[in-house]
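Given the structure is predicted, the values throughout are model-derived calculations rather than measurements. Whatever order the structure lists them in is the order used to number ligands and atoms, beginning at 1.
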Amino acid sequence: MPTPHNNARKGDIAQTVIMPGDPLRARFIAENYLENPVCYNEVRGMYGYTGTYKGKRISVQGSGMGMPSMGIYSWELFNEYGVNNIIRTGTAGAVADSVNLRDIIIAMSASTNSAYASQYNLPGTYAPTASWELLSTAVKTTENTGVNFHVGNIFSSDTFYDDADSLSKWHKMGVLGIEMETAALYMNAARTGKNALCILTVSDCPLRNLSTTAEERQSGFRDMMEIALETAIKI
Ligand code: HPA
């Protein structure tokens, strides 16, 4: 059955979904990497496509920005459409000194200032974590590309424009980068017993006031997409 946010019917979506934040990037991936892509959703412009990559059925869909949006779409994919694996492909700001523009970050875990975990009424602090199978497969895949990459903890923030300027405190804790969706994705995967991973390209360095050009973002995006697709067909 379609949901209020997704027109797809059961069976329209593959077991593995690649999720960029931007729905236009989802369309770009479908049109440039998938064979025979079929669009299954246009509700709110949140494009979703299913096709094949090197013969394996794969879907690609936007998540939107922020944890509420990622929370809705990934919950529906896992619970309503039988999806087993979600690989987020996004951009991040560098936080750790060792992380540079255009590097790739593979998020082993996602710290957060979001209240998303409060719905579970846990008697402590939950640690949102990637699926080991997806993580180890993506790391092996990335090692073969020659791309500069880092694996570790990221920070999923509820704010892009942050009045409290808290980034230096996360920097102190060894966080690699900042983005806005992964903690919710990892919690939804944990709650439903499914698998999730986040792969990021570094588009800016907020602590060092640096950012990439549109052209650099496009080529970094291609490296990340190829890593995500190659990971998707190995699992
Ligand atoms: N903050 C939050 N999300 C981001 C950033 C950032 O600096 N860069 C890319 N995504």
Within the protein, flag every N or O under 3.5 Å from an N or O of ligand 1, and note the pair and distance.
{"residue": "ligand 1", "atom": "7 (O)", "partner": "D204", "partner atom": "OD2", "Å": "3.2"}
{"residue": "ligand 1", "atom": "8 (N)", "partner": "G93", "partner atom": "N", "Å": "3.2"}
{"residue": "ligand 1", "atom": "8 (N)", "partner": "D204", "partner atom": "OD1", "Å": "2.8"}

Using distance only, find each side-chain donor-acceptor pair of residues 121-132 under 3.5 Å and give its atom names and separation, not counting sequence neighbours.
{"residue": "T129", "atom": "OG1", "partner": "A127", "partner atom": "O", "Å": "2.7"}
{"residue": "S131", "atom": "OG", "partner": "E133", "partner atom": "N", "Å": "3.4"}
{"residue": "S131", "atom": "OG", "partner": "L134", "partner atom": "N", "Å": "3.1"}

* Heavy-atom neighbours of E42 CD exceed 12 at 6.0 Å -> no
* Asked: Is it true that the side chains of E76 and N6 contain a donor and an acceptor less than 3.5 Å apart?
  -> no
* Should we say atom CD of E215 is surrounded by more than 12 heavy atoms from elsewhere, each under 6.0 Å from it? -> no
Report, one line per pair, each donor and acceptor closer than 3.5 Å where one atom sits in a side chain of residues 222-235; sequence neighbours left out.
{"residue": "R222", "atom": "NH1", "partner": "Y33", "partner atom": "OH", "Å": "3.1"}
{"residue": "E226", "atom": "OE2", "partner": "Y33", "partner atom": "OH", "Å": "2.9"}
{"residue": "E230", "atom": "OE2", "partner": "Y53", "partner atom": "OH", "Å": "2.8"}
{"residue": "E230", "atom": "OE2", "partner": "K54", "partner atom": "NZ", "Å": "2.6"}
{"residue": "T231", "atom": "OG1", "partner": "I227", "partner atom": "O", "Å": "2.7"}
{"residue": "K234", "atom": "NZ", "partner": "T141", "partner atom": "OG1", "Å": "2.8"}

* To do: Any pair with a residue in residues 170-213 that passes ring-ring contact (aromatic ring centres under 6.0 Å, His included), sequence neighbours left out, goes on the list, sorted by first then second residue, please.
  => F155-W170
